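Reading through the structure tokens given below for one structure.
Only heavy atoms go into these numbers, but all of them, side chains included; no hydrogens, no water, no symmetry mates. Just so you know, these numbers come straight off a predicted model, no measurement behind them.
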Amino acid sequence: MDRALKILLVEDVETDAELQVRELKRAGLNFDAHRVQSESAFLAEISEFEPDIIMSDFSIPGFGGMRALELACNRVPETPFVFVSGTIGEETAVESLRRGATDYVLKTNLARLGPVVRRAIAEARERRGRFAAEQRAHALTNLYAALSESNDALARAQGRDELFRDICRIAVARGGFKYAWVGLVDGEGGMVRPVVHFGAGSGAVERAEVPLDARQPGGRGPMAMAAREGRSSVCNDILADRRFGAVHERMRVQEFRSTAALPLLLEGQPIGGFGLYASEASYFDDERMHLLSDLAGNIAFALDRFEQEARRRRAETAILEARQQLQALSTRLIEAQEDERREIARELHDEIGQALTLVKIKLQQAARLRGGDTENLLEDCIEIADYTLKQVRDMSLDLRPPLLDDLGLEAALEWTLQRREQAAGWQTAIATDPLPRRLAPEIETACFRIAQEALTNVTRHAQAKGVDVSLRIVGNELVLAVRDDGRGFDPEAVRLRPAQRASLGLVSMKERAALVGGRLEISTSDGGGTEVRATFPLRWRN
């Protein structure tokens, strides 16, 4: 025997009890015997002593052996019950066996007692072993069925939340677990927060928040370890584990005896855990954990699939928006080109053409007169020519100011800001870092055009009173910033209507920046002004 047998003797005659104990010792049994002779004492010893076998006299004043058998069958049906009596008859013995007694021994033949006890204990252990094996086989069958159904759910699920709900439900309904829950890491709060739960006693963890920090209470439990370290963690005896000391009573009431947490991995990194509770201690053995680890791997595969699908959808959305913006920009560029040509044609025809026609007429008149008013006609021609030259100069400056080519970006920006200040009545300021040499032509052009477009937007939409422009060198980058104190706008609303003219200026600025390897950022809010910040790589002119 591995340990001393616990024998409960139901005997009112002390000498008879001593004879039985002596016979068992003679048979070589290692045991600890407790004797009772009342029903209350019998019930107390069943609960507290937890005997391996019960030996009972048949006739006890105030407490018969059949009553003891009835109580034993109800309270501890797996415990062998042997009658040891000097008065039991054959019919009574048969009836006791029918009611659940294991065997009987006459007090006149105690030599049988040792072998009977040995056989009864061996048979009980064999029954318990068979029962445990059957229970284990049944539990494994349920677990395999749950894993199979979970894999179907993994293939069928369209999203993470649906998947979590399904695996928790299947774990309890099919896998035989008492409770299942999923917790996800809240990086900012440093906690694992429950998102899905299923099972009896749903209040057990549905509001629980598990700290990731191992130094905090609860931070060394299975869920915290799984979510923090990305590996499975097990507690096979909750009521004996000090980590659960604060909730021992609640775990006992809920019949939670063991628990395990599987890591939820996304692209190899833990994002949470899948927690399971079982009603028996030592449930999570190596075989079960191997199966559950396979499930955790399948869940990780599904989560990666969801993430890839989400990225694909975001990419498709971004491509669609880019196509819409590109189409709108292309259309607008054609319209702008035609508008510009139409404007140039009108200026040439209405202003310059008429001015030159008038000069021609004046000169023809001067040629015919040859005296008199010739001097006045020539003065009119000179005045018209001056005005025409100014018109041509303004048109040229609007198309591309010579300052940009001759003196560089800083001079062109100052000149442009001064012109806009005079026209709009703004209060302006400009600050530029000295450039050691001229920038590459494409950088100068892109930077100037973005500033020009930003100032145009301020003129058209901002209703601003003040505008600041800065040009700074930050590391290996050139940073242009145009700020106004106007009414601002909603950038998301503008982004979602790319085909409208109001947003094409923003799109064109972003395109200009991207074409030279730069980037554009816009900070704004309704009523809060706007800042356009363009960043370019520093490239110098050869």
Side-chain angles (χ1 to χ4, degrees), residues 1-137 280-282:
M1 303 288 179
D2 296 334
R3 61 172 177 83
L5 285 176
K6 295 180 180 181
I7 300 178
L8 180 60
L9 292 174
V10 185
E11 177 63 65
D12 62 323
V13 180
E14 186 175 354
T15 55
D16 286 352
E18 290 177 353
L19 288 174
Q20 295 174 37
V21 168
R22 185 184 307 166
E23 183 60 34
L24 292 175
K25 287 182 178 179
R26 191 185 66 79
L29 293 173
N30 177 25
F31 64 92
D32 179 20
H34 287 194
R35 183 173 72 92
V36 297
Q37 53 185 334
S38 67
E39 181 173 331
S40 59
F42 178 73
L43 292 174
E45 289 293 335
I46 283 179
S47 176
E48 298 173 7
F49 185 48
E50 297 180 350
D52 296 308
I53 187 169
I54 300 172
M55 295 164 43
S56 175
D57 194 358
F58 188 78
S59 298
I60 302 173
F63 180 44
M66 295 302 281
R67 174 59 176 167
L69 175 62
E70 178 185 356
L71 292 173
C73 289
N74 290 334
R75 304 294 180 90
V76 285
E78 297 299 319
T79 302
F81 191 101
V82 176
F83 275 114
V84 183
S85 175
T87 61
I88 189 171
E90 183 177 348
E91 291 184 2
T92 304
V94 171
E95 178 64 17
S96 69
L97 294 177
R98 188 183 67 80
R99 293 192 182 187
T102 305
D103 208 338
Y104 66 94
V105 176
L106 296 176
K107 288 184 178 180
T108 57
N109 189 17
L110 289 179
R112 289 188 64 242
L113 188 57
V116 167
V117 169
R118 287 184 184 276
R119 186 177 67 253
I121 293 295
E123 289 175 353
R125 287 179 174 172
E126 183 179 352
R127 284 195 302 273
R128 284 194 293 268
R130 285 198 305 269
F131 180 76
E134 291 172 358
Q135 289 294 101
R136 178 176 176 79
E280 60 185 271
S282 302

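- Within the model, atoms CZ of Arg22 and CZ of Arg26 stand 11.0 Å from one another, a figure rounded to the nearest 0.5 Å.
- Listed by chain and residue number, nothing satisfies the ring pair (Phe, Tyr, Trp, His ring centres under 6.0 Å) test with Phe31 (two or more places apart in sequence, or in another chain).
- Here the rule is side-chain contact (heavy atoms from CB on, under 4.5 Å) with Pro80, and of Val116, Ile54, Thr102 only Thr102 fits it.
- Among all heavy-atom pairs drawn from Asp12 and Ser59, the shortest one is OD1-O, 4.2 Å.
- Considering only residues two or more places apart in sequence or on other chains, Phe81 meets the ring pair (Phe, Tyr, Trp, His ring centres under 6.0 Å) condition with Phe83.
- For Glu45, the salt bridge (charged side-chain N to carboxylate O under 4.0 Å, His left out) test picks out no residue, with sequence neighbours left out.
- Residues satisfying the side chain to side chain contact (heavy atoms under 4.5 Å, CB included) test with Asn109, not counting sequence neighbours, are Ala111, Arg112.
- In this structure, the side chain of Ser96 engages the main chain of Ala93 through a donor-acceptor pair within 3.5 Å.
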Leu9 vs Val36, side chain to side chain contact (heavy atoms under 4.5 Å, CB included): CA-CA, chis, key distance, verdict: CA-CA 6 Å; Leu9 292 174; Val36 297; over 6 Å; no
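- When all heavy atoms are compared, the tightest approach of Val82 to Ala120 is CG2-CB, 4.5 Å.
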Side chain to side chain contact (heavy atoms under 4.5 Å, CB included) assessment of Leu29 paired with Val117: CA-CA 9 Å; Leu29 293 173; Val117 169; 3.9 Å; yes
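- Remark: Gln37 pairs with no residue by the side chain to side chain donor-acceptor pair (under 3.5 Å) rule, at least two apart or across chains.
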Criterion side chain to side chain contact (heavy atoms under 4.5 Å, CB included) on Val105 and Met55, from CA distance to verdict: CA-CA 10 Å; Val105 176; Met55 295 164 43; over 6 Å; no
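- Shortest non-hydrogen contact noted between Cys73 and Pro77 is O-CB, 3.4 Å.
- Put simply, CZ on Phe58 and OG1 on Thr92 are 5.0 Å apart, with the number rounded to the nearest 0.5 Å.
- A 6.0 Å sphere centred on CZ of Arg128 holds more than 12 heavy atoms belonging to other residues, nucleotides or ligands.
- Under the 30°/60° scheme for interplanar angles, the aromatic rings of Phe49 and His34 are found to lie parallel.
- Partners of Ala122 by side chain to side chain contact (heavy atoms under 4.5 Å, CB included), not counting sequence neighbours: none found.
- A distance of 8.5 Å separates CG in Leu69 from OG in Ser56, rounded to the nearest 0.5 Å.
- Closest approach of Gly114 and Ala27 over heavy atoms only: CA-CB, 3.8 Å.
- What you find for Ile121 and Asp52 is that their closest heavy atoms are CD1-O, 3.6 Å.
- Residues passing the side chain to side chain contact (heavy atoms under 4.5 Å, CB included) test with Arg75 are Leu43, Ile46, sequence neighbours excluded.
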Residue pair Arg119, Asp103: steps toward the side chain to side chain contact (heavy atoms under 4.5 Å, CB included) verdict: CA-CA 10 Å; Arg119 186 177 67 253; Asp103 208 338; 2.4 Å; yes
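- Between Thr79 and Pro51 the shortest heavy-atom distance is CG2-O, 3.6 Å.
- Judged as a salt bridge (charged side-chain N to carboxylate O under 4.0 Å, His left out), and not counting sequence neighbours, the contacts of Arg99 are Glu95.
- With sequence neighbours left out, the salt bridge (charged side-chain N to carboxylate O under 4.0 Å, His left out) criterion links Glu126 to Arg130.
- Taking Lys107 as the reference, Glu11, Asp16, Gln20, Asp57, Val84 meet the side chain to side chain contact (heavy atoms under 4.5 Å, CB included) condition, with sequence neighbours excluded.
- Annotation: side chain of Leu24 is in contact with side chain of Leu113 (closest heavy-atom distance under 4.5 Å).
- By the ring pair (Phe, Tyr, Trp, His ring centres under 6.0 Å) test, Tyr104 is found to be paired with no residue, residues two or more places apart in sequence or in another chain being considered.
- For residues 29-41, every residue pair satisfying the salt bridge (Lys or Arg N to Asp or Glu O under 4.0 Å) rule, not counting sequence neighbours, is listed here: Glu39-Arg67.
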